[in-house]
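Contents: one structure, followed by commentary.
What you are looking at is a predicted structure, and each value in this text was computed from that prediction instead of being measured.
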Amino acid sequence: MNLFKKIYKFYFIIIFLLLSCSKEDYFEKEIHLDFVVTLGNYYNFSRWIFIPEKELTLLLFFNPDSYVVKEKDILSENIRFEEYKTQSWEEKIEVFKKITQKNPNSRIHLKDQQFEQMIDFLEGLELFLIQRLQFLESDHFFLEGKSRFYSDYLKDYLVSLETYERGNYYIASQNRHFRFETFLLNFLYQLRDKRTIFEKDNQIKVLHNILKSEIHIDDLRKLFFTLASYDFLVVEFPLMVVSNHQTNEKELVLNLEKSKEVYESVVENIKTQNEIEVTLEILNASEVNRLANRLKSIIDSQKYKVMATENFPFPLEETILVNNNGNSLFIKEIRKILNIDEKRIYFYKRTREVGLSLILGKDFEMNKFIRK
């Protein structure tokens, strides 16, 4: 009996220590962090809000090329764009403070060399492109399908304009902004597979030196552990396209008051834990006839709404899941249902009516899925 008590006490101490250590690896209070990337003349940014009680990171985005107006301003053909346009990213990023009513606790600012060093130190980034991209000034090929991008490829991917975008500045600007979101979402999701880097003191010290941030090295470890563990939810502040009659160009306009409403609504939904309907399309890249339709009839329900089934433009060996809206909240459950490995989940930010695109590859076996 005494031996049993000693063993029980020993295991209780071990479990307590493990739990205590793991808790120290995460933030314990709400943290606001601004993340900025500047590559040459290009810049983009986002605000990350860590909510420990929900184990959730809010990712706030707006296009940095957009003009900012208040509700009282009249959006008309006579709008004076120059009155609202700010030249520096430091001024533009203040929008996050106006919307959230909070200053950032800290900031990570990656410039050219830091960006290159961090991406290569973390062994690159894997992206899945729905279609091949052709840029105006790039020596790299960006083919459809999945590829591992290192810093030189990623810089071109973020900065360059696609060939068809010449003369369509607002379209080019928004597409480039979506490419930034695509990069960042895949980067954050793939941190799950890089936890061992943050566990080693020498590795986290190298990363801390690369970032050159005011963040303390212990807090940097917490930051990466938190990012690798939390779900994330994208908040995209709404933009309007307005004609600028002085330049005959279309301009992107951010309405500050409406953006506040969007942010407050999202925060309220998080508190009330309103269930989100998962919308998806099933695309057939397996070369097996009607496979997408057959799967739709099985998984279509009130919770998982299949909006469309189509053939995918090119065949794939493996089944993958592409997230279009940037919200990882409902990925865990649906990937278990579909038996998709975490490494075959990608983010591709774009304007779509469906949240997820399930692309069936040649490895998908309907009979095994039904038995499961």
Can you check whether Leu220 reaches Ser213 side chain to side chain, under 4.5 Å on heavy atoms? no
Name all residues meeting the side-chain contact (heavy atoms from CB on, under 4.5 Å) criterion together with Lys200; count only those two or more places apart in sequence or in a different chain, and write none if there are none. Asn202, Gln203
Are Phe142 and Phe149 an aromatic pair, judged by ring center distance below 6.0 Å? yes
Can you tell which of Phe115, Tyr157, Phe178, Tyr189 makes a ring-ring contact (aromatic ring centres under 6.0 Å, His included) with Phe183? Phe115
Closest approach of Asp156 to Asp139 (non-hydrogen atoms, all atoms of both residues): OD2-N, 4.2 Å
Check whether any side-chain N or O of Arg344 sits under 3.5 Å from a backbone N or O of Thr319 as a donor-acceptor pair, and report yes or no. yes
Establish, from distance only, whether the side-chain atoms of Glu268 and Ser265 form a donor-acceptor pair under 3.5 Å. no
Could Arg148 and Glu123 be called an ion pair, given the rule that one side-chain N must be under 4.0 Å from one carboxylate O? no
Identify, with sequence neighbours excluded, every residue that meets side-chain contact (heavy atoms from CB on, under 4.5 Å) alongside Ser259. Ile99, Phe237, Pro238, Leu254
How many angstroms lie between CG in Leu129 and CG in Leu127, if you round to the nearest 0.5 Å? 6.0 Å
Taking atom types as modelled and ignoring hydrogens, do the side chains of Asn63 and Gln174 form a donor-acceptor contact shorter than 3.5 angstrom? yes
Taking atom types as modelled, is there a side-chain donor on His177 or Asn44 under 3.5 Å from an acceptor on the other? yes
Counting the benzene-type ring for Trp, do Phe45 and Phe61 have ring centres under 6.0 Å apart? no
Atom pairs and distances, donor-acceptor, side-chain atoms in residues 30-39, under 3.5 Å, two or more places apart:
from	atom 1	to	atom 2	distance (Å)
Glu30	OE2	His32	NE2	2.8
Glu30	OE2	Lys102	NZ	3.1
His32	ND1	Arg47	NH1	3.1
Asp34	OD1	Arg47	NE	2.4
Thr38	OG1	His109	NE2	3.0

Give a yes or no on whether the ring-centroid distance for Phe232 and Phe347 is below 6.0 angstrom. yes
So if I apply the side-chain contact (heavy atoms from CB on, under 4.5 Å) rule between Tyr346 and each of Ile130, Leu185, Asn186, which one comes out positive? Asn186
